[in-house]
Amino acid sequence: MTTKEKIISFLWQHVLLLISLYLMTLGVVLCVKSCLGSSVISSLPFVFSLAGPTSNVPEWTIGGYTIAMNFILVFCQILILRKKFEPIQLFQLIIGFIFGWLIDLNMFLTSALECTAFSSQLLAQFTGCTIMGIGIAFEVRCGSVTMPGEGISIVISQVTHRPFAKVKIGVDTTLVLLAIGSCYLFFGSWQWNVIGAGTIFAMVYVGLVVKFIAPHLGWFDRLLAYIPGFRRYLFGLARFIYRRGNGTKE
């Protein structure tokens, strides 16, 4: 593969990664909109975003607090690994920033969506978790740098020599407990729209979606291996327009 092809392949890989992140954040937002409980990754940022107008914390959006949390998770990885931390993993900061920005984008795009009936709440939660699982499956398949949430789990797993799955459960549980503690700190009570039955459902169901979809992503692997020939498409488009123009004149 030539240098040019490697560059195009890298760009194409991250275009697909961007699509994966968009699906993941759309799923996150739908879970928030359901009011039955947000996903694990958004639970703590959700609490802080709600506390902003009434507490002494900054009035940031969910996406803004998600970006901050992702930066903290990467910083924790650096503290744990120190000199063993690979500089390429700093790319997690960019991924974490895009993830948070896409959350805010999807919050804006779905601003008109209100789930008032219990049936619509269930539908939003189920749809959000399904889309999130599909996005995660795509993101893993892209093979780029992991999300900070997974990155910290990988680092702890490496240092403690414990299975990644168990460490991931521990990290997710910690985030949920921090969110619950923040609810009592800021509001004096449990916020069921932030941490509710939907949160538990997401913790179980999203993993099942990823497990179910992963064996059926051969087509995505072929798409990932495809190297777009942008110049060929541009010439083809120009030739098509030229022919249409000549045909019109005739």
Which heavy atom of [X] sits nearest to which heavy atom of [Y], and what is that distance?
X      : Y      : answer
Gly37  : Gln125 : O-OE1, 3.2 Å
Val167 : Arg162 : CG2-CB, 3.9 Å
Thr146 : Gln92  : O-CG, 3.3 Å
Ile152 : Gly149 : CG2-O, 3.2 Å
Ile131 : Leu30  : CD1-CD1, 3.9 Å
Ser120 : Cys115 : OG-CA, 3.5 Å

Query raised in the report: Any chance CZ of Phe75 has more than 12 other-residue heavy atoms, nucleotides or ligands included, within less than 6.0 Å?
Result: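 Atom CZ in Phe75 is not packed in, count stays at 12 or less.
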Spell out, as yes or no, whether a donor-acceptor pair under 3.5 Å connects the side chain of [X] to the backbone of [Y].
X      : Y      : value
Trp12  : Leu223 : yes
Gln13  : Cys142 : yes
Trp190 : Ile195 : yes
Ser42  : Ser38  : no
Trp101 : Gly63  : no

Report task. For residues Ile41 and Met24, determine if any side-chain heavy atom of one lies less than 4.5 Å from a side-chain heavy atom of the other. Result ->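 Result no, sub-4.5 Å side-chain heavy-atom pair not found.
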Report summary line: CG of Leu44 to OG1 of Thr66, rounded to nearest 0.5 Å, is 9.0 Å
Query raised in the report: At what distance, to the nearest 0.5 angstrom, does OG of Ser55 lie from CG of Leu185?
Result: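 It is 7.5 Å, given to the nearest 0.5 Å.
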Would you please classify the geometry between the [Y] ring and the [X] ring as parallel, tilted or perpendicular, with 30° and 60° separating the classes?
X      : Y      : answer
Phe186 : Phe48  : perpendicular
Tyr205 : Phe201 : parallel
Phe138 : Phe220 : parallel
Phe10  : His14  : tilted

Query raised in the report: Quick one: do the Ser119 and Gln121 side chains pair a donor with an acceptor below 3.5 Å?
Result: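 No.
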